[in-house]
Amino acid sequence: MAAGAPMGAGTSSHIYEGNAPRLMAPSWIFIGFFLLAPVIMMAVYSFLTKEFRGGVIWEFSLAAYDQFFFDRGLFGDEPPSIEWTYIGIFWRSIWQAGLATFVCLLIGFPTAWFIATRDPQSRSIWLFLVTIPYWVNLLIRTVSMKFLIRDTGPLNEFLLQVGVIGEPLGLINTNFAVQLGLFYSYLPFMVLPIYAAVERYDFALSEAAADLYSGAWTTLRLIILPVVKPGIIAGCILVFVPSLGAFLAPDLLGGAKTFMIGSLIEEQFKGNAGNWPFGAAASMILLTIVLCILLVYARNQNKTEIR
Amino acid sequence: MASQDIAVSVDQVVKHYGNFTALHGVSLDIRESEFFTLLGPSGCGKTTLLRAIAGFESVSEGHILLKGEDLTGLPPHQRPVNTVFQQYALFPHMTVLENVMFGLLRKGWSKVEAVRRGQDVLDLVQLAEFAKRKPTQLSGGQQQRVALARALAPRPEVLLLDEPLSALDLKLRQSVRSELKALQRETGIAFIFVTHDQEEALTMSDRIAVMSNGRVQQIGSPKEIYEAPVNRFVADFVGETNLLDVEIASIDGGTASVVLPGGTPFTCPAATVLDPGRGHLSARPERIRITAPGDAHLDAVVTGHTYLGTDIQLQVRLSDGEVMSVRLQNSETTSVPEVGQTIGLQLEEGAARLLAD
Amino acid sequence: MASQDIAVSVDQVVKHYGNFTALHGVSLDIRESEFFTLLGPSGCGKTTLLRAIAGFESVSEGHILLKGEDLTGLPPHQRPVNTVFQQYALFPHMTVLENVMFGLLRKGWSKVEAVRRGQDVLDLVQLAEFAKRKPTQLSGGQQQRVALARALAPRPEVLLLDEPLSALDLKLRQSVRSELKALQRETGIAFIFVTHDQEEALTMSDRIAVMSNGRVQQIGSPKEIYEAPVNRFVADFVGETNLLDVEIASIDGGTASVVLPGGTPFTCPAATVLDPGRGHLSARPERIRITAPGDAHLDAVVTGHTYLGTDIQLQVRLSDGEVMSVRLQNSETTSVPEVGQTIGLQLEEGAARLLAD
Amino acid sequence: MASVTDLRRFPGFLAITLTCLVVLYAPLIVVAVYSFNASTSITNWGGFSLTWYVDVFTGPDAPKFQRAAINSLIIAVCAAVAATSIATAAAVAMTRAGRFKGKTLSFALINLPLMVPEVVTAVASLVFFSAIGFTTGLLTILVAHIVFCIPFAYLPISARMQSIPDTYEQAAMDLYATPRQAFTMVLLPLMTPGILSGFLLAFIISLDDFLITNFVKGAGVETLPTAIFGSVKQGIKPNIMAISTLMLGVSIVFVSLSWLIGRTGQNKK
Amino acid sequence: EGKLSIYHWFEYIPQELLDKFSEEYDVEVTMDTFDSNEALLASLKAGKLGSYDVAVPGDYMVEIMNGEGMLDTFEPSELSNFGNIEDKWLDVSFDQGRKSSIPYQWGSTSFSVNKDVYGGELDSLSLIFDPPAELKGKINVLDTAGETLTLASLYLGIPQCSSDREQLKELNALVQSAKADWASFGSDVAKDVLVSGDAAAGMIWSGFSAKARGEGANIEYVFPKEGMIVWMDNVVLLKDAPNRDNALKFMNFLLEPENAAAVTNYAQYTAGVKGVGEFLLPEVANSPESNPPADQKGEFVQACPEEVQVLYDAIWTNLKK
Ligand SMILES: Nc1ncnc2c1ncn2[C@@H]1O[C@H](COP(=O)(O)OP(=O)(O)OP(=O)(O)O)[C@@H](O)[C@H]1O
Ligand SMILES: Nc1ncnc2c1ncn2[C@@H]1O[C@H](COP(=O)(O)OP(=O)(O)OP(=O)(O)O)[C@@H](O)[C@H]1O
Ligand SMILES: NCCCCN
Ligand SMILES: [Mg+2]
Ligand SMILES: [Mg+2]
């Protein structure tokens, strides 16, 4: 394949040593000024006193974090105990997003693989085939998905007519529907990065594995997956993190019966509650969790760079 | 030859890459326990043939049999053959030891045994201390040795080696060569060895197939190939030779009478049935003696020396302008003629051969 | 030596990879218009040194000067040196011709001229007909030739070659060798050539540096390296040699009197100042004559033959069990002793050397 | 490349890919079919009609939707181009510049837009933008989009870059290519699939964004998502189905064109 | 001649009416939309105040916005049609004497039931909060704490903004137990779920229910004996309006009976303007949803004080945790 050069996952190189500041500058300027600054402001907000119905009062307060972690009863007069409400919401969201990521990986990897192994001309066609649906707005996609799977929708009607099922499947407002929605929302975020990594995979490695008595699936597990790992990890991050904050799929397909992180935080800014410091605090906690996960990933990546 | 004696049989194999034909109907029988070498210039189809045997390349026509069974359609991981890849193809995410253990674990060895065997094989290729490194942290030759160790470890029935020694230095090459030979004798498995290095081919092989442009030119023992090449290509490719343009006076069976450039008549063996007319006489540089000019087969002027360590190579020019080389063993007793000196060249009887083009 | 005569000066270069030291203070001066070879076993640091000169590897200590100017900190694209990479590193998205033209276009050649020059260089490496292919569609040797052509094309001031011939067959290697030599003479630029092939090193080089474990062992002309190795490593690595364990009777200047294994006294040159006691005598296989047993330097029994084409190598065993090899030129007139026969071995005076360990 | 067993093929992968496409397209087929529905309601079929397409171009909402669609496309293209460029530069720094001060921090920063919940980004940006007096409508949307598109472009690009050994660039620099040339002439072509992936992700994420856009946009500036937002949840109106179908049509035309151009380009070579 | 920037609910004004205004007064009209009163408040608070001229908040939100100082005032004399405002909507609690707002539309919030699914008596909020077997698991409730908790309070007979412990615990217990019977929460989708049959009963706004019926849902809008929510949306003049004159022109325009009627015909609620009758479509004028029984009880949602509001928020969060 690629004229001989050993391809290493996570090898670090120094070609542009010293150019890092210049190369990073646009990112720093854009994200630093237009996002980091606002986020720092939010971080500050999380330590301020809430103003009723939105906004903040410039007075230091730990009330938001207190509210997140400690339960003082409905009327605030019981001795503090651990507040499980928000932790529960976070945990459920993480679980939900994790499952969605897993499903996307399970379906997305074969798809990306299949596309990357087409001949070069048709690859981009397949790639576009996967992304074309995303020219239609997420909301419309989700609503049409809802239309499709509802008890009186085409899917159930078809299955009923064919006689596969005796009564509607009852998919709508279930966790399955939420998963389907998340899958539908974020699939390309898994497929594209994996595609980009697989496209470079050196099939001589598969040959070597096959030569050493490894069947196709063993080769997949022991050689291919580890070698294209950077793409898989990128895909997982791109599906997991947005799924955490997703609210359209849970709302429209799952019936909005429980808060997800996204809707909980949104409620603090756009809902009745209007508790900005609490929304900010919840966001900072979420940010910290995701940041930790990401830094563990970055750390692992650095470990593989020996030079 | 009964088919039990044949380890691998390549039967009329043709391979096309688009319009380009890499193999034009190659037929070979590799015997059991044989060290068989494919020798040929770059691009002649050696790797292609090896990949077809390993199962990585489908053949366009023809068959490949392993111990009498047609391999067509059998996937590579079910073929009891291992390959040392020309481009190594080491697994970049695994350590050297993990690379070597890979095939063993796939064959169901226990981890402990696989580690032991892996370390043994790494010892063999002198890489024991590198067991924990990743392939990218090795030099080119070290990588090649890992590839060799990886293929040797599972003790395959047939081992395919695609230039496994090309990046090794002479000393290491010699020791790996003898290890390979020993291993081959000990295990009695057939080795199919690809090389472009004729010395390697001559020293190691039981038999050699010389290939050119996707065709087999000659199959034979090293001595046959070197001393009785069937055509000009083989004579020229295997070792160095001087090809003299001569006039064929007569041919009788395997013997020809020719007239050398200077006009001297000369009798020599002829490769195949040739028509009288002009032909090429192959004379190996080491089979030419230096004598006084005048009464020798040929007269020549010395134009240059090359120092080869073991030998000294003389470049000489004949009176008609043809250039030849003569090889003298490098020793105190050898008197090396000066550049510019005129010398006589005496061809050894029977060592010069008349060849087909 | 005036610094104008020096093309590249490597001064006390040390290179660490983490804990591992790949170069332990290497110093070399490469003269202008010189064909300089780095010879050494796999993993000894040849590639590392070359990469440091090209600017791909920073040195941990020491300096590298090009025509007297310190290169430290100069990026690779500003160093007027080109490299033939050991792993080729051909651009996979470009055709062969585009690969070769790349450097020319970067240097500002016009497209038309670059195409012409590119085709000329491809002709040189016999790849003209492959100009339009992508590198993946070439065989290993063909890829290597493209890499060579690519580096030759822009006529660099210093050409660095990392085993550029290892994947080429003998014939092609010989022709590329002479092309390289011719090119080097014609352009008068310095070549730094890495190889593990001692024959290649001996035939092509003006001077050779023999390296081992990140250290330079000896620098000298091919003849010096081969015939006057400074230590056991060099003698053993460059060419084949027999190392006899001998008793040193006396040493006087560069000459030593020793007692051979059979008890025969022998006088020979000594490499460096050695203490009396036991030492190693290096005797090249081609510098040993076969005589009748009894009155020769050593008596031995023939244990085997190896056919080398140009030569025949004899394995012999001395009475004390030590094994030696003797090389005979393969010719009609050479009488090859049978296996089992007892023969006498006569060491050529002056050709056997007493060495430091 | 044919071989005895194609090591590139895994049983079932084709089936999964096709299933995947069915799931992706089934809802859109519903949208496309019902855009030709004569009736106002999605629930009953009133016969084939092109009314809603006429409505898209001449109906009372036509100018609004047309402007919104154009805005959306302009912003998506600009944001994706900018984000892809910025992300590529960042990926080069992260994978090709060895270790540098603030590398881990930079990595976190690039991924920050991904990690901050959308509504927080939305509110914080609005508060911040209005505090600094940055309220010019389209431009604010574009800036916000560029920011949140960066990680979506960065991750596939850097994943790809990690798997390309730097020997190619070394060879280029050895042949007198400046680092910039080594980048554009060697690394970039090898990066194409990664960059294409990054661009496409950035593009669709920008095209889809509602929440942030809705907050930072200037008064009266619409993108397609903000224009159709509320009305969709109530059940998609046929005219919106028609717009969506048209968007699909545009994307298909766009893709076919780029494919044809790519093909003729290749034939010329 | 200048511009007008409107911040409005989505799907609440026909585009034709905006075009008509635009043409009559030669004003370039732009409109942004929001989907809840709170979203409106949030975005104005975050910095959008000053970019819009008028907005359309619900009753209690007018009071809140006024309290936040987000509203500008006008003199009745500045609106020639001020007199068209129906008398009962002139002195409203949330804007005494209409200093900053004019009525837009009013209606009620209750619920509708699919008569194919449930054939029983339709007169009580118990159908939502303690549903019969036929409706269990087929109910959609509005995804807004204010309206849902207020209806629950009405069912229990608890006053709004109560801070009584026992009453709040009772309220909490009620919604917790009812939730098991609810299929989904959703406001925007309230109509759609009834039309499609995803829900057999659902909380809904009156006009929205009428539209659902119009789209073929066999539903009846219920006027519960425990009472229902009455609301009024109002056009307010925003503080720092960039085009105050045009804003007033627009408000005046909306007080024209013909124009108010156009909104009503579109949204199927009721205008607070005199003389719209002749312009109304008969099916809108006579829709059962807009014509509650004369003795029907109804309450505006109240804006609770902060210390009480947090209790309701906690109940809501607890419901959806
Ligand atoms: N994928 C391919 N497409 C087209 N031609 C190919 C392809 N692979 C190999 N070839 C051609 O087939 C011929 C045989 O290639 P092969 O690799 O078998 O040569 P080889 O004898 O192994 O040479 P080397 O000693 O240089 O490795 C070469 O001319 C090569 O250019
Ligand atoms: N990235 C690295 N990390 C650690 N060690 C390395 C690295 N690269 C090379 N080495 C080690 O440095 C030593 C010298 O390597 P180098 O590539 O210079 O050898 P070489 O003389 O070119 O050998 P060969 O003939 O096999 O190519 C080797 O032992 C090798 O294992
Ligand atoms: N669609 C608008 C509903 C308004 C309720 N207050
Ligand atoms: Mg080959
Ligand atoms: Mg090397």
Side-chain angles (χ1 to χ4, degrees), chain C residues 47 50-51 53-58 74-95 97-109 114 118 132-137 143 146-162, chain D residues 1-3 6-8 88-89 91-93 95-101 103 157 159-199 261-269:
Chain C
T47 298
L50 222 56
R51 288 170 56 81
I53 296 173
F56 300 126
E57 213 76 73
S58 60
L74 205 64
H77 70 277
Q78 287 170 14
R79 301 189 181 197
V81 301
N82 283 3
T83 309
V84 180
F85 289 83
Q86 192 170 8
Q87 302 277 13
Y88 322 154
L90 299 178
F91 305 133
H93 58 296
M94 297 182 188
T95 63
L97 183 61
E98 284 165 354
N99 264 281
V100 175
M101 285 163 55
F102 186 89
L104 301 172
L105 295 176
R106 298 294 79 64
K107 284 186 80 178
W109 288 45
K132 293 241 163 69
R133 289 228 196 145
K134 293 280 172 73
T136 42
Q137 297 171 301
Q143 289 181 23
V146 178
L148 187 60
R150 188 174 67 174
L152 280 175
R155 299 199 178 98
E157 287 196 31
V158 176
L159 189 66
L160 309 177
L161 305 105
D162 198 351
Chain D
M1 195 194 296
S3 64
D6 191 345
L7 294 168
R8 291 149 199 260
T88 306
V92 171
T95 62
R96 291 279 196 274
R99 292 213 170 131
F100 58 90
K101 229 172 121 186
K103 186 170 181 178
I157 289 174
R160 167 89 180 182
M161 213 177 275
Q162 275 172 47
S163 67
I164 298 179
D166 63 355
T167 33
Y168 298 117
E169 291 145 278
Q170 286 182 354
M173 284 158 87
D174 185 62
L175 294 162
Y176 312 108
T178 59
R180 186 180 294 267
Q181 285 172 327
F183 173 77
T184 54
M185 312 186 84
V186 175
L187 184 59
L188 216 50
L190 296 177
M191 284 292 305
T192 315
I195 290 178
L196 181 67
S197 295
F199 177 85
I261 291 168
R263 243 170 70 114
T264 51
Q266 235 157 17
N267 288 346
K268 269 184 211 150
K269 269 194 183 170

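Throughout, a chain's letter reflects where its sequence line sits, starting with A, and its residues are numbered from 1. All values below were derived from every heavy atom in this structure, side-chain atoms included, with hydrogens, water molecules and symmetry-related copies excluded.
- Atoms CE and OH, from C/M94 and D/Y168 in turn, are 12.0 Å apart once rounded to the nearest 0.5 Å.
- For the atom pair CD of D/Q170 and CD of C/E57, the computed distance is 7.5 Å after rounding to the nearest 0.5 Å.
- Atoms OH and OG1, on C/Y88 and D/T167 in that order, are 13.0 Å from each other to the nearest 0.5 Å.
- Looking at D/V186 and C/H93, their side chains come closer than 4.5 Å, going by heavy atoms from C-beta outward.
- Using a 4.5 Å cut-off on side-chain heavy atoms (C-beta onward), D/Y176 and C/N82 make contact.
- A distance of 10.5 Å separates CE in D/M173 from CZ in C/R79, rounded to the nearest 0.5 Å.
- Using a 4.5 Å cut-off between heavy atoms, D/A172 touches chain C through backbone and side chain atoms alike.
- Ranking C/Q78, C/H77, C/K132 against chain D, the residue ahead of the rest is C/H77, based on heavy-atom pairs under 4.5 Å.
- In terms of heavy atoms, C/A89 sits closest to D/A171 at O-CB, 3.8 Å.
- Expressed to the nearest 0.5 Å, how far CG of D/D174 lies from CZ of C/R51 amounts to 10.5 Å.
- Counting heavy-atom pairs closer than 4.5 Å to chain D, the top residue among C/L105, C/T83, C/T95, C/L104 is C/T83.
- For a residue to count as touching a neighbouring chain, one of its non-hydrogen atoms must lie under 4.5 Å from one of that chain's; by this rule C/P75 does not touch chain D.
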